[in-house]
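When reading the values below, keep in mind they use all heavy atoms of this one structure, side chains included, and skip hydrogens, waters and symmetry mates. Naming: A, B, ... by sequence-line order, numbering from 1 per chain. These numbers were taken from a predicted model, which means no experiment stands behind them.
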Amino acid sequence: MEGDPLATPGTSNGAGSRPAGQPPAYESVVMADAVSSSSLAAGRDSNYRKSSEFEITVTDPVKQGERVAAYVTYKVRSKTSMSQYKQGSSEVIRRFRDFAWLYDKLHERYKGIIIPPLPEKNAVQKYQMSTEFIEQRRRGLQIFVNRVAAHPKLKYSNELQLFLEATEDVWMMEVARMNQESGGAKKTINNTMQFFKDLGHSATNLMAGKSDDEEEDPDYLKVREYLVHLESHLIEAHRQSARLIRKQGELGIAVGEFGQAAEKLGKFEEGSLQDAFVHLGNHAGDLSTVSRDSANSLSYQFEAPLKEFTRMMKSVRAVMADRTNALSFLQQAKADLDAKRVKMNKLKSTPGIKEEKVVEAERERDQADLRLQNARAAYETIVERMNEELARFQKERAVEMSQVLRDFALAQAQLASETARSWSSLVTELQPAAPA
Amino acid sequence: MLRAGRSVLCSPRPLECPFLSSPDRRSERRDPIRQIAKEPGMDSDGPIALERRKAAASSLSPAQDCMGQDDPLGGPKVRRDNEGGPLAGPSSEGGATEARRGEAECGDPDCSSGGAGELLPEVGRTRTGEGPGAWFTYADAMIGPPRGDPIPTSPVISEITPAGDDDLQVNLDAHVPASASVHVVVTDARQVEETRLGVKSQFTTYCVKTATDLQSYSFTEQSVWRRFRDFEALHKVLHANHRGYFIPPLPDKNFIQAKMANADFVQMRKAELNCFLRGLVAHPFLYETEELRVFLGVPQDLCSSSEWQEVVQRAGARNLGRLSPRVDAGPTSTATELFEKMRRMGSPVKKESMKSKHGIPEDERQLRQESTKLKQLETFLSCTCEKARGMVQALEGELDAHLEMGAALVAFARYEDKVGAQCGQFTETGRHYATRAATLQKAGYASLKVHQVCQRFVTMTAGRLISLHEQLNLVPSGLLGLEDREHALDAVHRAEAVLERKRLRLEELRRDSAKKLGGAEASSKRFAELEFEIGSLERDVERLTGDYKVIKQRNQTELARCRETRHVALIGMARKVAQIQAEMNKSAAEAWRAMAEHLEKIMATSQK
C-alpha cells in the first residue's frame, strides 16, 4: 500500500479524477448525466433522477491514521440553488461513518421513506484499503448523497444541510449533540421495554390466533410479498450479470492467448503462414484488450447498478420493518386503551369506590387514548409516505432499469461490433495471404 | 490428413493445385459421385450430421428445431446442391463429423457432458498425449440434449427466433465441391460374432463405400465390410511398401474399448477411419496403389481374399530400403543388427556414430533438420491447440452465461408481469409493472437470442479449429516417414560396412595365399565364395542406395506437400474462424442493438 497514491495523506488528486481511458463511472449511468445519456435521455431523467437543485460530488479519498485506526476521508463538494442553504457551494471532509450517520438519522426521522442505500460495510476490505475498494465505495457514496439530494422530501432535511455545509468542528459537535439528544442510555432502556412489550404483544397475537397482518391493508401485503420476491430476483440478476461479465473477460484473455500461440506457430513456420498467423495474433491481442476494457466498463455500467438495486431493497426492507413496528405499536396502544377502558368502567360500576381512583383511571385512559392517537398518527404517516414512496420507487426503478439495461445492450452491441470488425478485418488481411 | 486432403480438394482454386487431376477428368467423373451423394447414407455429411440434427430437433424446443433445419452446417443446402453448396460438404464434414468424433473423445475431466466422456476416460489422451480433446465437448454439449435448460417453454424462444433466422445465414465463402477421383465414406458399423476354435468373440465391422471413375479401379462403386484389423493391415502394408510417404494416421488400437464397443466408441472410430481413408484417397500417390484398390474393392472378407494375400506377399518383395534376408541372416550381420538396434534406441548416439563414420550429405542433413523442425512444430501446434481449446471453452462459458442471464431476466420479467396482472393493467402501478416486465423481457430475450445465435457459431468455430488438431495428428506420420529414410540410410551404411569387411577379408586371404605356396589353389573355393558374396553385397548396396534415394525423394516431396497443405489448411482455418467470429459478433451486436431500440420505445411510451 506504500506506493499507493491513496495511502499518502494530502494527495489532492486521488481516484476521484479518473485517468483518461477508464470507463465512465457508473454513477454517470445511474444518475444519467451527460456521459451516458445522449439526447435520448436528456429530457427524461431530470424529473426524479438528479436533483436540479444540487450538484454533489464525492472526491479525493485520502487515507488517514494508521493501521487499525486508519480510515479514509472524502471531500464532499456541493453546489446548490436551494434557498435554505446560505452559501451556494461548500466543500467539506467526511468519512464513511459520517455518511452512515446521515443515513441513520434520516432513517430515524423519516420513517416510511425509502432512504437510498449506502455502500456495504466491509470490514476486511476496509482494512486492506485497496484502491479498487475505495474507488467503489467513493462511487457508492456519491450516488447515495445525490439520491438523498434528489429525493422530494429528504432534500429539505436539516440533516442533509448539516452534512453538506457544516465545517468539521461544527459537524462533530452537532453529531455529538444529536446523539446525546436521542439519548444513549435512555434509548437502550426504552428499547428493552419495547422489546418486552413486543413479546407480550406477539404472545397475545399467538393466543388469539391472529397476526398484525390482518389489520394491514391487503394491497400493502401484496406489495410486501412482491418486494420480497423482487429482492431474490434482483440478486439473481445481479449474480448472472456478474457472471456474464466475468466470462466475457475470460473470453478476451483466452482469445489473446490463442492469438499468441498462433503467432508463435506462425513465426516458426515461414512463408504465408507466418504473415497470416502474425495477423491473427495481432488481432487477437486487440480483441483481448477490447474485451477486457469492455468487461471493466460493464462492471461499472451494469453490474454495479444492479447491485445498488439489491442494496436499495434493503432500505425498502428497513422501511417495511418500520411499518410493521408502527403497526404493532398501534395495536399495542389499542389493546392498552381497551384495557384501560375496561378498568375504568369496572371502577365506575363498583359502588363505594374512591373518586380519585376513578379520576386516575380516566386519566390513564386518556393517556392511552393519546398514545393510541400518536401511534395511529405515526403509523398513518408511515403508510402515507410509503404509498408515495413505493409508487415513486416503482416508477423510478422502472426507468432506471430500462436505462441500465439499454446501456448494457448498447455496450454489448458495441463490444460485439468492435469484435466483429476486428475479425472481419482479419479476414480481409488473410485473403491475399492465402497462397495462390 | 482429412483436413489437409480436403483443403486441397476443396480449395477455391482447384486448378492451381498440383494434386488434382485435370479438369476434364473431373467433369467425367462427376456422375458416380453425385449418385453416391444422392443416397441418404452417403450424403457427404453423412448419417452423423443427420443424427445430430435429429437429436437437436427432438431434444430442443420447436423453435430450435426449425433452426436446426436452417442450420448452415447441413440441412437443405446440402441436398439441394451437393456439388456446389457453399457450406454443405466441407463444413459439415469438418463441423459435424468431427464434432461427433470429438464427442466420444472428450475424456477430459472438464468435459461437462455425461455419458460419453465418462466412459472413455483415456481415449482423448492416448491419441495426442496432452492433446486437445475437451474442446470438442462443446459440440458434444450442443448435440446432446440440453442439460438443465432452464427455459423449457417454447413461447419464450419462439418469440426470439422469427426475427433472426434470415440474417443468420452465414455467407461463408464457397468451398468448391470435393470432387476427388475416389470418394470414400465409412457409412455404417455393425457387430459381428465369430467362432474361432470354439471361442466365441465379437467384433465390429465398418461398411466402406467407394465411388470412383479411375481406370485403375476395376469398379465404379463398391461397398465392403472391413474390421479394424483390416484397416490396420492396410496401414501396415502401405507403410511397408511405400516407405517415405507420410501415411495418414490410424486411430489408436484400444482393445478394451473395442470389446465393449459402445455406440460412442464405434461412432468415434468410424469418424477416425473415415478420416484415415479420406487421407489416403486424397494422397497424390497412395490413392491409386494396389493395396488400397484391393482393400476398397474386394467384396469378401479381406483375410480370405486371394488378391489381398497376394498383395501382402508382394509386400516382402518390394521392401524398400531394407536389407535382404540373405544379408540379415549372416552371423556377422546379426551382431551388427543387434548393435544397430541398440544404437537406434538412443538416437543421439546413433547420429554421433553416423557422423563419425560417414559424412552426411547436405540434403540428408537438411532432412534431419526437418525432422527436428517437425518435432518443434508439434509442440507449437499442440500449444496452439491447447489455447484454441481454451478459447472454445471460454466461448462456451460466455454462451452459458448469456443463457443463464437471459433465463434469470425472463423469470424476473414473468414475475413482474404476474404481479402486474394482479394490479390491473390500467392503474399506474400496473403500468409500471408492465413496463418493467417488458423491459426485463426484452433484455432477457436479447440475451437468450445471443445465446441461441452464437451457439451455432461456436460449434462451427470448434469444428474449424479441429483443423489444428488434425495437423497435430499428422505430425507423427511425417516423423514416421522421415524415420523410414533414416533407417534406409542406416541400412545402406550397414550393408556398406559388411561389404567393406568382406573385401578386406578377401584381400587378406589373397595376401595369405600368395605367401603360402599352393595356397591360392587351396583357397580358390573360398575366394569364389567371397567374391560371390561381395558381388551380391554390391548389388544390395546399390539397391539400398537406390531405395534410399527414392525414399529421400519421397520425403522431400511429402514434406513440401504437407507444408503446403498445412499452410492452406491453417490459413483457411484462420480465415473461417475469423469469418465465423465476425459473423457471430455481428449477429450478437444486432440482437443487442435491437434490444436497445426496443427499450428506447418502451421508455418513450412509459414517459407519456
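- Distance check, rounded to the nearest 0.5 Å: CG of Asp275(A) to NE2 of His567(B) gives 10.5 Å.
- Considering CZ of Arg406(A) and CD of Glu597(B), their distance stands at 12.0 Å, rounded to 0.5 Å.
- Below 30°, between 30° and 60°, or above 60°: for Phe412(B) and His233(A) the angle between ring planes is below 30°, a parallel geometry.
- Paired with Glu404(B) under the rule side chain to side chain contact (heavy atoms under 4.5 Å, CB included), one option of Gln240(A), Lys247(A), Glu236(A) passes, and it is Gln240(A).
- Each of Ala437(B), Ser447(B), Ala574(B) has some count of heavy-atom pairs under 4.5 Å with chain A, and the biggest count is that of Ala574(B).
- Each of Lys586(B), Glu590(B), Arg593(B) was compared with Ser417(A) under the side chain to side chain donor-acceptor pair (under 3.5 Å) criterion, and only Arg593(B) meets it.
- In this structure, Leu410(A) and Ala596(B) approach most closely via the heavy-atom pair CD2-CB, 3.6 Å.
- Only the side chain of Leu409(B) comes within contact range of chain A, judged by heavy atoms closer than 4.5 Å.
- Here Ile571(B) contributes atom CD1 and His279(A) contributes atom NE2; the two are 10.0 Å apart, rounded to the nearest 0.5 Å.
- The two residues Leu599(B) and Ser402(A) come nearest to each other via the heavy atoms CD1-O, 3.5 Å.
- The contact between Gln376(B) and chain A is made by backbone and side chain atoms together, counting heavy-atom distances below 4.5 Å.
- Closest approach of Val427(A) and Arg575(B) over heavy atoms only: CG2-O, 3.9 Å.
- Within the structure, every pair that satisfies the ring-ring contact (aromatic ring centres under 6.0 Å, His included) test and touches residues 239-274 of chain A, not counting sequence neighbours, is listed here: Phe268(A)-Phe380(B).
- Looking at residues two or more places apart in sequence or on another chain, you find a side chain to side chain contact (heavy atoms under 4.5 Å, CB included) between Thr461(B) and Leu395(B), Leu465(B), Val577(B), Ile580(B), Gln581(B).
- Note that the NZ atom of Lys387(B) and the CG atom of Leu265(A) stand 14.0 Å from one another [nearest 0.5 Å].
- If you measure heavy-atom distances from Lys418(B) to chain A, you find no contacts under 4.5 Å at all.
- Residues Trp423(A) and Asn585(B) come closest through the heavy atom pair CD1-ND2, 3.9 Å.
- Considering CD of Gln248(A) and NE2 of His402(B), their distance stands at 5.0 Å, rounded to 0.5 Å.
- Ile253(A) does not touch chain B: none of its heavy atoms, backbone or side chain, sits under 4.5 Å away.
- Of the listed residues (Ala408(B), Ala591(B), Gly397(B)), the one with the most heavy-atom contacts under 4.5 Å to chain A is Gly397(B).
- Neither the backbone nor the side chain of Glu263(A) comes within contact range of chain B, judged by heavy atoms closer than 4.5 Å.
- Listed options Arg436(B), Met391(B), Arg563(B) were ranked by heavy-atom pairs under 4.5 angstrom with chain A; first place goes to Arg436(B).
- Closest of all the heavy-atom pairs between Arg243(A) and Ala401(B) is NH1-CA, 3.8 Å.
- Nearest heavy-atom pair, Ala254(A) versus Ala394(B), reported as atom, atom and distance to 0.1 Å: CB-CB, 3.7 Å.
- Looking at Ala443(B), only its side chain comes within 4.5 Å of chain A, counting heavy atoms on both sides.
- If you tally non-hydrogen atom pairs under 4.5 Å between each of Ala409(A), Ala262(A), Ser425(A) and chain B, the highest count goes to Ala409(A).
- Here the CG-CE distance, from Leu280(A) to Met573(B), works out to 6.5 Å after rounding to the nearest 0.5 Å.
- Within the 4.5 angstrom heavy-atom criterion, atoms from both the backbone and the side chain of Leu230(A) approach chain B.
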